[in-house]
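Positions are given from 1 along the sequence.
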Amino acid sequence: MSNTKFEFTGETKVVLGVTFKRIRAVRDIVRWIVKVGDLGGWLAQESSLSVDGNAWVDDNARVAGDARVAGNAWVAGNAWVDDNARVAGDARVA
């Protein structure tokens, strides 16, 4: 499936040897009141955030390794989701 939810901004940062890329919404995500153009959090790879549903990574949150955020899940604040973790359903991690 094509990514119609977010794009990478070009902003990067390296934390503990992992390069993260900041995301920006390219469509509204109503559940979390994310609007087109809003900046999101940080992903190590595009596949870390599902393009289906209302899942979102916000603020300074980071997703790395083989971790994945899907469904209607929301990861925010300074949260770090890593390894093989799955955040899904209506879960909130902050």
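Residues W74 and N72 are not in side-chain contact: their nearest non-hydrogen atoms beyond the backbone lie 4.5 Å or more apart. The shortest distance between side-chain heavy atoms of R92 and V75 does not fall below 4.5 Å. Taking 4.5 Å as the limit, some side-chain heavy atom of L43 sits within range of a side-chain heavy atom of F6. Residues L39 and R22 meet the side-chain proximity criterion, which asks for heavy atoms closer than 4.5 Å.
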V26 and R24: CA distance, side-chain angles, deciding distance, side chain to side chain contact (heavy atoms under 4.5 Å, CB included) verdict: CA-CA 6 Å; V26 295; R24 176 178 27 243; 5.7 Å; no
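N84 is linked by a side-chain hydrogen bond (donor to acceptor under 3.5 Å, both in side chains) to nothing, counting only residues two or more places apart in sequence or in another chain. With sequence neighbours left out, W42 forms a ring-ring contact (aromatic ring centres under 6.0 Å, His included) with no residue at all.
Annotation: cation-pi pair K21/F8 present, NZ/CZ under 6.0 Å from the ring centroid and within 45° of its normal.
Smallest separation of non-hydrogen atoms from A79 and V93: CB-CG1, 3.8 Å. For the residue pair D38 and W56, the shortest heavy atom distance occurs at O-CZ2, 4.3 Å.
Remark: side-chain polar atoms of Q45 are paired, donor with acceptor, to backbone N or O of G65 under 3.5 angstrom. Put simply, the side chain of D59 never gets that close to the backbone of A61: no donor and acceptor are under 3.5 Å apart. Between the R62 side chain and the F20 main chain, no donor and acceptor come within less than 3.5 Å of each other.
If you chain together ILVMFWY residues whose side-chain heavy atoms come under 4.5 Å of each other, V14 ends up in a group of its own.
Note that the OG atom of S48 and the CG atom of D66 stand 8.0 Å from one another [nearest 0.5 Å]. K5 contributes atom NZ, which lies 8.5 Å from atom CD1 of I23 (distance to the nearest 0.5 angstrom). Distance CZ/R68 to OG/S50: 4.5 Å, rounded to 0.5 Å. The CD1 atom of I33 sits 11.0 Å away from the CG atom of D58 when rounded to the nearest 0.5 Å.
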